[in-house]
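Worth saying up front: this structure is predicted, and the values here are computed from it rather than measured. Computed from heavy atoms alone, side chains included, the values below leave out hydrogens, waters and symmetry copies.
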Amino acid sequence: MILCTATEVTEEYINKVKEKTKEEVMQSKIFALSANEKQQVEILLTFGHYHDSISDEDLKQLPNLKWIQVMSSGIEQLPFQAMRSKNVLLTSARGVHAVPISEYVLSMILYFAKNIQHYRHLQKEKIWGYSEEVLDQMTEISGNKIGILGAGSIGSEIAKKAKAFGMRTLGLNSNGRSVDGFDKMYPINQIGELLPQCDYICAALPSNQETKHIIDARMISLMKDGVVFINVGRGDAVVENDLIQALRTEKITAAALDVFQEEPLPPHHPFWDIDNLVITPHVSSCTSKYIPRTLDIFFENYRCYKKKRFEAMINRIDFHI
């Protein structure tokens, strides 16, 4: 049986999974299954994090589980200890976020460059007007440099779109290897050389020991005065108190954050009261095309799984190392 724990998958798509696989498909949280149903689960379709998280205890209740298809790229919240003991296969949906997140990033860059927030305020007040000072704050992004921290599928798509707007693209990855779409790459230990060059900085980093709190007061001090910062990777890449200080002093002139250390962002968090900050609730990857793209990966992997061609499965992850 295939179990889908993701509530975002509508009945239409559940029926499509049934039709394509000819398997019994249930949509439920693991705790809500009967003892008999838990015995039958062989394949798990899940986001595996945040509101759709899976615990060690959850997996212990699925004795015949063989394969987990994660419906996102992030896997750091999965219960690896239980997964190793069960020797399950793991595949992800890495790559499905690239188009929507890159579009989000470019929309934020243009939002700040064209001072849209100011004109939205004027519209609300029914004011037709502008000043030379405000006009001087409107800029062109062509010719500006963007530093993209993380040059995977998301970072590469951001670079591709940025270059279409005439921007210079600088990238950061683990070892500085060249990546298509980037004018120059830097290894992570040379981040201090990349930051001072950039007019815009976008973090699209995974969460690991190298990236945790990589954007702190020292790194912010290396940035250009008036830089724009965008984070679409992981919230723990940023020391939030240091970012708050930089926004209040306008060392960072504006920022857009889609990810946070604590989600949902608590109502008392100081981020809510910062005018030069745009907050979105971890939705930069959201699009009506997300579930269909993810299921395309699942269906291809299902074909490989049934033929026992496990090595051919898309985004197969070896977590047993």
Query raised in the report: What are the two closest non-hydrogen atoms of A93 and I297, and how far apart are they?
Result: CA-CD1, 3.9 Å
Query raised in the report: Quick one: do the Y104 and T280 side chains pair a donor with an acceptor below 3.5 Å?
Result: yes
Requested in this report: Using side-chain hydrogen bond (donor to acceptor under 3.5 Å, both in side chains) as the criterion, list what pairs up with N301, not counting sequence neighbours.
Outcome: Q69
Report task. May I ask you to decide if the ring planes of H49 and H282 are parallel, tilted or perpendicular, using 30° and 60° as cut-offs? Result -> parallel
Report summary line: Sorted by chain and number, sequence neighbours left out, side chain to side chain contact (heavy atoms under 4.5 Å, CB included) with H51 holds for E8
Query - For R120, all residues meeting side-chain hydrogen bond (donor to acceptor under 3.5 Å, both in side chains), sequence neighbours excluded - result: Q123
Report summary line: Residue set satisfying salt bridge (charged side-chain N to carboxylate O under 4.0 Å, His left out) with D273, at least two apart, ordered chain then number -> none
**Report entry** Non-hydrogen side-chain atoms of L277 and I244 separated by less than 4.5 Å
**Finding:** no
Query raised in the report: Which atoms form the tightest heavy-atom contact between G235 and Q261, and what is the distance?
Result: O-CG, 3.5 Å
Report task. Indicate whether the side chain of N64 and that of E42 have a donor and an acceptor atom separated by less than 3.5 Å. Result -> no
**Report entry** Atom pair SG (C4) and OH (Y13), whose distance is rounded to the nearest 0.5 Å
**Finding:** 13.0 Å
Query raised in the report: Going through the checks in order, is the side chain to side chain contact (heavy atoms under 4.5 Å, CB included) test met by I43 and T21?
Result: CA-CA 11 Å; I43 299 169; T21 64; over 6 Å; no
Requested in this report: Hey, could you give me the CG/OG1 distance between D183 and T169, rounded to the nearest 0.5 Å?
Outcome: 3.5 Å
Query - Interatomic distance, L194 atom CG to M185 atom CE [nearest 0.5 angstrom] - result: 8.5 Å
Requested in this report: Please answer: with hydrophobic residues joined when any side-chain heavy atoms are less than 4.5 Å apart, are L45 and F31 in the same cluster?
Outcome: no
Requested in this report: Determine, stepwise, if the pair L149 / C202 fulfils side chain to side chain contact (heavy atoms under 4.5 Å, CB included).
Outcome: CA-CA 6 Å; L149 314 182; C202 177; over 6 Å; no
Requested in this report: Report the C-alpha separation of I279 and L265 in whole Å, then their side-chain angles, then the decisive distance to 0.1 Å, and conclude whether the side chain to side chain contact (heavy atoms under 4.5 Å, CB included) test is met.
Outcome: CA-CA 10 Å; I279 292 171; L265 190 66; 4.0 Å; yes
**Report entry** Under-4.0 Å salt bridge between D52 and K29
**Finding:** yes
Query raised in the report: Is any side-chain heavy atom of V17 closer than 4.5 Å to a side-chain heavy atom of L295?
Result: yes
Query raised in the report: Are W272 and V238 grouped together when hydrophobic residues (ILVMFWY) are joined by side-chain heavy atoms under 4.5 angstrom apart?
Result: yes
Report task. Determine whether V278 and Y200 fall in the same hydrophobic cluster, where Ile, Leu, Val, Met, Phe, Trp and Tyr are linked whenever their side-chain heavy atoms lie under 4.5 Å apart. Result -> yes
Query raised in the report: Taking the side chain as C-beta and beyond, is there a heavy-atom pair between R168 and N144 under 4.5 Å?
Result: no
Report task. Output yes when a side-chain donor or acceptor of T211 lies under 3.5 Å from a complementary backbone atom of P206, and no otherwise. Result -> yes
**Report entry** F298 and W67 aromatic centres sub-6.0 Å
**Finding:** yes
Query raised in the report: Are Q137 and H118 linked by a side-chain donor-acceptor pair shorter than 3.5 Å?
Result: no
**Report entry** Partners meeting side-chain hydrogen bond (donor to acceptor under 3.5 Å, both in side chains) with E57 (sequence neighbours left out)
**Finding:** none
**Report entry** D236 bridged to K212 by N-O distance under 4.0 Å
**Finding:** no
Requested in this report: Determine the sole option in S102, S285, S284 for which the side chain to side chain contact (heavy atoms under 4.5 Å, CB included) test with V232 is passed.
Outcome: S284
Query raised in the report: So, Q197 versus Y186: side-chain donor-acceptor pair below 3.5 Å or not?
Result: yes
Query raised in the report: Partners of Y290 by side-chain hydrogen bond (donor to acceptor under 3.5 Å, both in side chains), sequence neighbours excluded?
Result: H97
Query raised in the report: So, are R234 and E76 salt-bridged, with charged N and O less than 4.0 Å apart?
Result: yes
**Report entry** Pairing of E12 and K16 as salt bridge, 4.0 angstrom limit
**Finding:** no
Report task. Answer yes if I158 and V259 sit in the same cluster of Ile, Leu, Val, Met, Phe, Trp and Tyr residues linked by side chain heavy atoms under 4.5 Å apart, and no otherwise. Result -> no
Query raised in the report: Just wondering, do S28 and T5 contact through their side chains at under 4.5 Å, heavy atoms?
Result: no
**Report entry** Pair D180 + K160: basic N to acidic O under 4.0 Å
**Finding:** no
Query raised in the report: Can you check side chain to side chain contact (heavy atoms under 4.5 Å, CB included) on I215 and L243, steps first, answer last?
Result: CA-CA 8 Å; I215 302 299; L243 179 59; 5.9 Å; no
Query raised in the report: Would you say I252 and V239 are hydrophobically clustered, going by side-chain heavy atoms of ILVMFWY under 4.5 Å?
Result: no
**Report entry** Heavy-atom side-chain proximity of L59 to L44 below 4.5 angstrom
**Finding:** yes
